[in-house]
Amino acid sequence: MTAPAKADRAPPATIVIFGAMGDLARRLLAPAIVNLCRDGLVDRATTILGIGHGDGDDAALREALSEHVEDDACWREVRERISYLKGDFTDPAVFEALKARIEGAAVFYLATAPNFFGTIAERLGATGLLDEGDGFRRIVVEKPFGTDLPSAEQLDATLLAQAAESQIFRIDHFLGKETVQNIIVARFGNALVEATWNCRYVDHVQITAAETVTVGTRGKFYDATGALRDMVPNHLFQLLAMIGMEPPHTFEAEAIRNEKARLIAAICPPAPEDVVRGRYAAGRIGEEDVHAYRDEADVDADGDTETYVAMKLTVATRRWAGVPFYLRTGKAMRARDTEIVVQFKDPPMEVFRGSAIDRLPPNRLVIQIQPDEGISFSMAAKVPGPVVAVQPVTLDFHYRDHFELGKRTGYETLLYDVLIGDQTLYQRADQIEAAWAAVQPVLEAWGRGEGVVEDYPAGSDGPAAADALLARDGRKWHRIG
Ligand code: BG6
């Protein structure tokens with residue numbers, strides 16, 4: 001993890017983007033590279049070489065990548081260093097042509113459909129493009145990394161047959177978010193927090209990633225994927241790992257990755273009755289009418305793909321013995337809200353015996369990942385007046401009040417880290433496989449036709465069964481939004 005204020009300029013490299021005309025490259029990668037240039041973190045000799053199936057030339061790619069960047073001197077400088085190579089990702093001749101154009105260090109960014117990941121790695125390896133003789137050679141693999149445990153293992157085996165683990169950067173873009181990186185500082189940089197961060201004091205944890213967006217134009221991908229595969233073993237488990245991991249013995253990448261891998265390996269697969277599946281029906285989000293998921297384009301109207309999933313998990317470590325972790329994520333919900341809520345146990349009532357107070361509000365720490373990034377802590381305060389009465393109040397920290405966040409895509413740190421070879425924010429093979437292993441029994445049960453999908457109106461907080469999941473334990477979800 002890097003602190004921009006102190007960071008050094010990354011060494012020069014050719015950034016090869018497979019799928020350079022695509023949405024990811026245009027919306028996120030190009031603006032992130034320009035932002036890094038603006039911060040003086042990219043060497044002027046760095047070039048971008050885009051590869052795509054489509055017809056085009058350097059000018060066409062420059063035009064495509066200009067779509068989401070501010071047209072200033074930095075962009076004009078980056079623009080001159082962009083070139084295009086047309087070709088099929090499976091064609092060995094393309095990789096020979098690529099080889100002729102690369103000298104020194106290179107990053108191969110696979111911003112393609114996932115079915116190309118393995119083949120591209122094999123072709124890169126076969127052409128000698130991953131040999132690190134005259135500079136580093138690194139490969140960045142986007143999500144989704146497999147669709148279940150066997151396919152993730154297969155993809156890892158394919159990649160590791162071509163490159164060393166130190167050359168492979170598996171992206172989880174949630175780790176590019178400042179607030180997610182801040183979890184490590186909030187936990188280990190504050191004595192008060194870490195002292196109470198265990199089963200003795202924590203009652204339960206909730207991790208929520210609620211979205212208002214529908215599947216939109218992604219019907220084909222999403223219908224084959226569903227909310228669980230799309231969000232849980234990757235994004236939500238990464239958040240869980242940050243919250244639950246033991247303190248690393250140093251701030252080095254491998255020390256942090258070891259602790260995260262241990263935590264993910266300790267996640268117990270949820271029991272079938274602890275998993276809720278939902279799918280949005282027609283409804284209204286804000287001012288907008290939204291039609292049902294089954295009426296979306298490229299979706300099987302009779303299928304059983306879930307657009308919402310909630311689950312209760314436990315983590316088999318001494319620190320978290322008996323503490324439930326409730327996870328939920330869904331599309332077309334009432335509000336956009338990614339947050340982690342750590343609810344502490346009720347305080348003992350002894351001191352208040354004989355007073356009018358019969359229950360104290362529990363302390364609650366809310367880490368708001370997005371929107372309105374920040375942290376709030378709720379505690380009990382006395383209501384002014386002669387009668388002793390208690391009310392929960394919150395201490396709030398908003399990033400925007402203290403820091404200039406600027407317009408960032410969330411990919412800046414991730415890209416910079418690839419260029420400097422820091423793998424802290426990237427997933428290692430063992431983390432990915434342990435994550436899939438934890439959800440594999442659920443996927444298999446669903447594959448056998450188990451797991452009823454309950455409809456929820458678009459614009460709501462999700463299916464009723466998700467509320468029941470917590471109500472069973474005498475708990476409630478934190479309000480979304
Ligand atoms: C992606 C999922 O990985 O993450 C999308 O494929 C989801 O379905 C997105 O919308 C959420 O990311 P963010 O950064 O918008 O919260």
Shortest non-hydrogen pair, R475 vs P324, comes out as NH1-CG, 3.3 Å

Before accepting this row, confirm whether a basic side-chain N of the pair R294/D300 lies closer than 4.0 Å to the acidic partner's carboxylate O. no

**Request:** Let me see the working for D337 and Q370 under side-chain hydrogen bond (donor to acceptor under 3.5 Å, both in side chains), right down to the final yes or no.
**Result:** CA-CA 6 Å; D337 187 0; Q370 59 190 16; over 6 Å; no

request  = Identify whether the distance between the nearest side-chain nitrogen and carboxylate oxygen of R262 and E259 falls below 4.0 Å.
outcome  = yes

*Q431 and Q238: side-chain donor and acceptor closer than 3.5 Å?*
yes

Open item on the list: When you measure from the side chain of D230 to the backbone of G226, do you find a donor-acceptor pair of N or O atoms at a distance under 3.5 Å?
Closed with: no

Here the gap from T317 atom OG1 to M245 atom CE, rounded to the nearest 0.5 Å, amounts to 12.5 Å

Nearest heavy-atom approach of L159 to A121 is CD2-CB, 3.6 Å

inquiry  = Just checking F397 against H402, ring centres under 6.0 Å apart?
reply    = yes

key: Sub-4.5 Å side-chain heavy-atom contact between W446 and V275   = yes

Notebook entry, point to check: Regarding T208 and Y326, is there a side-chain donor-to-acceptor distance under 3.5 Å anywhere?
Noted result: no

Item to check | ring pair (Phe, Tyr, Trp, His ring centres under 6.0 Å) between W320 and F325, worked out | outcome: CA-CA 9 Å; W320 297 115; F325 286 77; 5.4 Å; yes

Is any NZ, NE, NH1 or NH2 atom of the basic residue among E211 and K331 found under 4.0 Å from an Asp or Glu carboxylate oxygen of the other? yes

Is it the case that more than 12 heavy atoms not belonging to R318 sit under 6.0 Å from its CZ atom?
no

Nearest heavy-atom approach of L419 to A10 is CB-CB, 3.6 Å

#### Entry: Distance-only side-chain donor-acceptor flag, Y109 / E142, under 3.5 Å
yes

When rounded to the nearest 0.5 Å, the distance separating CZ of F174 from CD1 of I369 is 8.0 Å

Heavy-atom closest pair (S166 atom, Q423 atom, distance to 0.1 Å) is O-NE2, 3.3 Å

CD1 (I432) and OH (Y426) are apart, to the nearest 0.5 Å, by 12.5 Å

Those residues at least two apart in sequence (or on a different chain) that pass side-chain contact (heavy atoms from CB on, under 4.5 Å) with Y201 are T196, N198, F344

On a heavy-atom basis, the closest approach of T409 and P31 is CG2-CB, 3.7 Å

Salt-bridge criterion met for R472 and D274 (N-O under 4.0 Å): yes

Between L239 and M242, is there a side-chain heavy-atom distance shorter than 4.5 Å?
no

Could you walk me through whether T112 and F117 pass side chain to side chain contact (heavy atoms under 4.5 Å, CB included), step by step? CA-CA 7 Å; T112 65; F117 295 165; 3.6 Å; yes

Quiz item: Are the side chain of W436 and the backbone of F145 linked by a donor-acceptor contact shorter than 3.5 Å?
Solution: yes

Hey, does T225 have a side-chain heavy atom less than 4.5 Å from the side chain of T147? no

Flag side-chain contact, heavy atom, 4.5 Å: L175 against K177 = no

When rounded to the nearest 0.5 Å, the distance separating OG1 of T214 from CZ of R218 is 10.0 Å

Using 4.0 Å as the upper bound for N to carboxylate O, is an ion pair formed by D304 and R279? no

Test side chain to side chain contact (heavy atoms under 4.5 Å, CB included), reference I171, set V418, L425, V140, L110, output is V140

Notebook entry, point to check: Between R359 and M349, is there a donor-acceptor pair closer than 3.5 Å when you use the side chain of the first and the backbone of the second?
Noted result: no

Interatomic distance, CG@L29 vs CG@L24, rounded to 0.5 Å, equals 4.0 Å

Are K345 and D203 ion-paired here, with the side-chain N under 4.0 Å from a carboxylate O? no

Taking C-beta and beyond as the side chain, do V341 and L365 meet within less than 4.5 Å on heavy atoms? no

field: CZ/R200: more than 12 non-hydrogen atoms of other groups inside 6.0 Å
entry: no

Are the ring centres of H53 and F18 closer than 6.0 Å?
no

Problem - Q343 side chain to Q206 side chain, donor-acceptor N/O pair below 3.5 angstrom - result: no

**Prompt:** Hey, is the main chain of E339 close enough, under 3.5 Å, to the side chain of Q368 for a donor-acceptor pair?
**Reply:** no

(message) Quick test of your reading of the model: are D148 and R229 salt-bridged, counting only N-O distances below 4.0 Å?
(response) no

Electrostatic pair R257:E252 at N-O distance under 4.0 angstrom
no

*Test: K476 and D467 ion pair at under 4.0 Å*: no

*Quick one: are T314 and V323 in side-chain contact, heavy atoms under 4.5 Å?*
no

Indicate yes or no: does R408 engage D39 in a salt bridge with an N to O separation below 4.0 Å. yes

(message) Under a 3.5 Å distance rule, please check whether T329 uses its side chain to pair with a backbone N or O of A209 as donor and acceptor.
(response) yes

_K382 NZ: over 12 foreign heavy atoms closer than 6.0 Å_ = yes

Can you find a heavy atom in the side chain of L236 that is under 4.5 Å from one in the side chain of N234? no

### Query
Just wondering, more than 12 heavy atoms not from E288 lying within 6.0 Å of its CD?
no

Open item on the list: For a side-chain hydrogen bond (donor to acceptor under 3.5 Å, both in side chains) check, start with the C-alpha distance between D455 and Y293, then their side-chain angles and the critical distance, and finish with the verdict.
Closed with: CA-CA 10 Å; D455 279 348; Y293 175 74; over 6 Å; no

Interatomic distance, CZ@R328 vs CH2@W477, rounded to 0.5 Å, equals 5.0 Å

>> Keeping E122 on the side-chain end and Q162 on the backbone end, is there a donor-acceptor pair under 3.5 Å?
In response: no

inquiry  = Tell me if a side-chain donor or acceptor on R26 pairs with a main-chain N or O of M21 at a distance below 3.5 Å.
reply    = yes

- Strictly by modelled atom types, are T305 and D223 linked by a side-chain donor-acceptor pair under 3.5 Å? yes

Quiz item: Thinking salt bridges, do R319 and E194 make one under a 4.0 Å N-O criterion?
Solution: yes

Donor-acceptor side-chain pairing of K260 and Q427 below 3.5 angstrom: no

I'd like to know if the side chain of E450 reaches the main chain of G447, judged simply by a donor and an acceptor atom lying under 3.5 Å from each other, with no hydrogens or angles considered. no

* Asked: With the threshold set at 4.0 Å, does a side-chain nitrogen-carboxylate oxygen contact exist between K143 and D172?
  -> no

- Query: Distance only, no hydrogens: is a donor on one side chain within 3.5 Å (strictly under) of an acceptor on the other, for H398 and E373?
  - Reply: no

Side chains of E165 and L160 in contact at under 4.5 Å (non-hydrogen atoms): yes

Sorted by chain and residue number, the side-chain contact (heavy atoms from CB on, under 4.5 Å) partners of P441 (sequence neighbours excluded) come out as P269

- Message: Could you check whether any side-chain N or O of R187 sits under 3.5 Å from a backbone N or O of I243, counting only pairs where one atom can act as donor and the other as acceptor?
- Response: yes

